[in-house]
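Notes to accompany the following structure.
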Amino acid sequence: MRNKIKAFLVLFMVLALVIQPITITRAATPATKVTKKTLYVGGDNYKITFNNLDKAATVKYSTSDKKIASVTTQGVIKPVAKGTAVITVKITQSKKSYESKITVTVMNPYVKITNPVKELKVGDTYKFEAKTYGLKKTATTWTVSDKSVAKIDAKTRMLTALKAGSVKVTFKDTVSGKSNSVTVTVKSSSAKPTATPTPTPTPKPTQAPVEVPELPEDELFGYDIWEDGVIITEIYDVEVTSVDIPRKLGGYTVVAIDDGAFEALSELKTVKMPSTITYIGDYAFGSCEALTSITIPSGVTHIGDGAFEYCTSLAKLTLPEKLTEMGSNMFEGCGKLASITIPAGIEELPEYSFSECVSLKTVTFKEGLQLIGDEAFYGCTALTAVDFPKSLKEIYGSAFEGCTSLAKISFSSGLESIEDSAFSGCIKLTSVVLPSTLTYLGSAFSGCEKLSSVTIPKSVEDIGSGAFDDCSGSLKLKVKKNSYAYEYVVDEEIPYSTY
């Protein structure tokens, strides 16, 4: 019996050494790397990425609402409008099917002061911080509403409290026009300051302020001295109807008009400026509703944000050839402005430049312009035709949206991108030939009720969802066979012909 037991134990030990553990390997499940994503209108797209996806797998994409977020056949999610959409991803791998979903939240881009302060004392300094969200190209600046209460260095973001009062501090992206403000209350210091701070006006670009000498007062104008002359800061007579700005004040040459210097003078009708002026600041003549005549000197190179916005009686104005910088909203709401020529020195026409100029019939672009900003000509209902220069590369979102009289647009070779809603609601457009250099066409022509013919070049690599929604029932697209546009018209079931 003992021998049998011993033999059994030996056999068991041998079997234990021979038999190895069996590991069952399961195929990894393919899935998207994210299930939630936040995007911004006009901001970057998002390319869907995966975990455990084989090269041989096939993937199909769909969206629950293409008016909020679209998705291409290559898995690129594009934000369209504010809202929430669900992107469904169906994967076939190793003869099995899988499904992933991505909840996409689309927000409007914005800017934000991230460390606001409500109260300071005279003599205090405070460094502001801010961020931009969803903006591709930015050019940010800092301003204050009352330079006698506080001043801010736009580069260092350092605010210095000067005297008791209330001041609005504004952080603005001049490319998009987005801004965020905080109101700071400056209180008297409990301790007696060793010296009374004096406000220092913001210098013109590329110039540093110089020590200001004792200046004689002027009966009509407030002014400051800079290293190359005088900047007019204000006008004392708020009921003035006509202004003739002198060449010199206090013995110095007048070279600039400061931010808001003549803003909202409701009785002002005519302005004459000397040829010595080269700089016109933000909102310098904004909301001068009675202004009918103003001549901008030929040497002016910079005109700031909203410089003539809502000058509702201004019917004619010539921009100088030397102009190289135009601010956003520059002529917004100028309801009687009939024509304008954009000088060759302007490379980028900012957002809202001529928005709601309802009498604007003709616009001339000179060679040199490379970009037309968001809503630059939004709601220009009298505009009938536009010829774009060869230098133009990009037309941003809603640039000509709601131009209900626009019947003819002529593109030149060189244009690369037309963004979403660029020509939406142009109800008199009937035919469009896109240039051979175009690579991106957003949802640009939605609501063009009479649009019946569009020629799309083979260079186009992407077309936005709903690009031709609510166009003519007889719409036919002309596309190159086997091009991206050809695949688009087939997928969207849009009538087409090939060339």
Side-chain angles (χ1 to χ4, degrees), residues 40-45 78-79 109 111 132 134-141 172-178 205 301-307 319-332 340-355 357 360 363-380 383 386-403 406 409-424 426 432 434-445 457 459-462 464:
Y40 297 88
V41 176
D44 291 332
N45 301 328
K78 298 180 178 182
V111 301
T132 65
L135 298 173
K136 289 182 178 180
K137 298 178 181 180
T138 60
T140 58
T141 185
K172 182 176 182 179
D173 170 45
T174 59
V175 176
S176 66
K178 305 291 183 183
T301 60
H302 174 100
I303 302 178
D305 295 348
L319 297 176
E321 285 298 319
K322 292 183 180 179
L323 188 66
T324 56
E325 294 180 274
M326 287 177 60
S328 61
N329 307 73
M330 200 165 119
F331 294 98
E332 181 178 10
I340 198 74
T341 297
I342 308 301
I346 298 299
E347 294 184 356
E348 296 188 3
L349 190 65
E351 66 284 352
Y352 315 114
S353 293
F354 298 92
S355 178
C357 289
L360 189 64
V363 176
T364 302
F365 299 110
K366 292 196 174 180
E367 290 295 337
L369 183 69
Q370 297 183 21
L371 181 150
I372 297 176
D374 293 318
E375 300 187 35
F377 295 92
Y378 178 90
C380 291
L383 193 62
V386 179
D387 291 329
F388 295 105
K390 293 179 181 178
S391 56
L392 187 66
K393 302 294 183 184
E394 298 177 274
I395 299 176
Y396 275 20
S398 300
F400 294 86
E401 182 176 358
C403 293
L406 188 60
I409 50 178
S410 298
F411 297 106
S412 296
S413 178
L415 185 65
E416 298 173 358
S417 175
I418 303 176
E419 301 288 337
D420 294 343
S421 302
F423 297 93
S424 291
C426 294
V432 172
L434 299 173
S436 60
T437 50
L438 194 71
T439 58
Y440 176 71
L441 177 64
S443 54
F445 294 96
S459 58
V460 170
E461 300 172 352
D462 198 2

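The structure presented is a predicted model; accordingly, all values stated were derived computationally and were not measured.
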Response to the item:
Sorted by chain and number, sequence neighbours left out, side chain to side chain contact (heavy atoms under 4.5 Å, CB included) with Glu332 holds for Glu309, Tyr310, Asn329, Tyr352, Ser355
Worksheet item: Which heavy atom of Pro79 sits nearest a heavy atom of Asp420, and at what distance?
Response: O-OD2, 4.1 Å
Worksheet item: Looking at Lys393 and Glu347, does any basic side-chain N land under 4.0 Å from a carboxylate oxygen?
Response: no
Practice prompt. Answer yes or no: is there a donor N or O on one side and an acceptor on the other, between the side chain of Thr324 and the main chain of Thr301, under 3.5 Å?
Written response: yes
Fill in: Intermediate values then yes/no, side chain to side chain contact (heavy atoms under 4.5 Å, CB included), Phe423 and Ile418
CA-CA 9 Å; Phe423 297 93; Ile418 303 176; 4.1 Å; yes
Worksheet item: For Lys178, what residues pass the side chain to side chain donor-acceptor pair (under 3.5 Å) criterion, not counting sequence neighbours?
Response: none
Discussion item. Can you list everything that forms a side chain to side chain contact (heavy atoms under 4.5 Å, CB included) with Asp387? Sequence neighbours excluded, please.
Written reply: Ser410
Discussion item. Here's a test for you: under side chain to side chain contact (heavy atoms under 4.5 Å, CB included), which of Met326, Lys322, Glu325 qualifies with His302?
Written reply: Glu325
Worksheet item: Residues two or more places apart in sequence or in another chain: which of them pass side chain to side chain contact (heavy atoms under 4.5 Å, CB included) with Ser353?
Response: Leu349, Pro350
Fill in: side chain to side chain contact (heavy atoms under 4.5 Å, CB included) evaluation trace for Asp173 with Thr141
CA-CA 6 Å; Asp173 170 45; Thr141 185; over 6 Å; no
Discussion item. The criterion is side chain to side chain contact (heavy atoms under 4.5 Å, CB included); which residues satisfy it with Asp305, sequence neighbours excluded?
Written reply: Lys172, Thr174, Asp282, Tyr283, Ser328
Practice prompt. Kindly state each residue pair satisfying side chain to side chain donor-acceptor pair (under 3.5 Å) with at least one member in residues 363-372, sequence neighbours excluded.
Written response: Glu321-Lys366, Glu367-Ser391
Item to complete: Please step through side chain to side chain donor-acceptor pair (under 3.5 Å) for the pair Glu461 and Ser459, ending with a clear verdict.
Response: CA-CA 6 Å; Glu461 300 172 352; Ser459 58; over 6 Å; no
Worksheet item: Quick check: does any side chain N or O of Thr437 sit under 3.5 Å from a backbone N or O of Gly414, one acting as donor and the other as acceptor?
Response: yes
Practice prompt. Output, in order, the C-alpha distance, side-chain angles, deciding distance and verdict of side chain to side chain contact (heavy atoms under 4.5 Å, CB included) for Phe388 and Val386.
Written response: CA-CA 6 Å; Phe388 295 105; Val386 179; 3.5 Å; yes
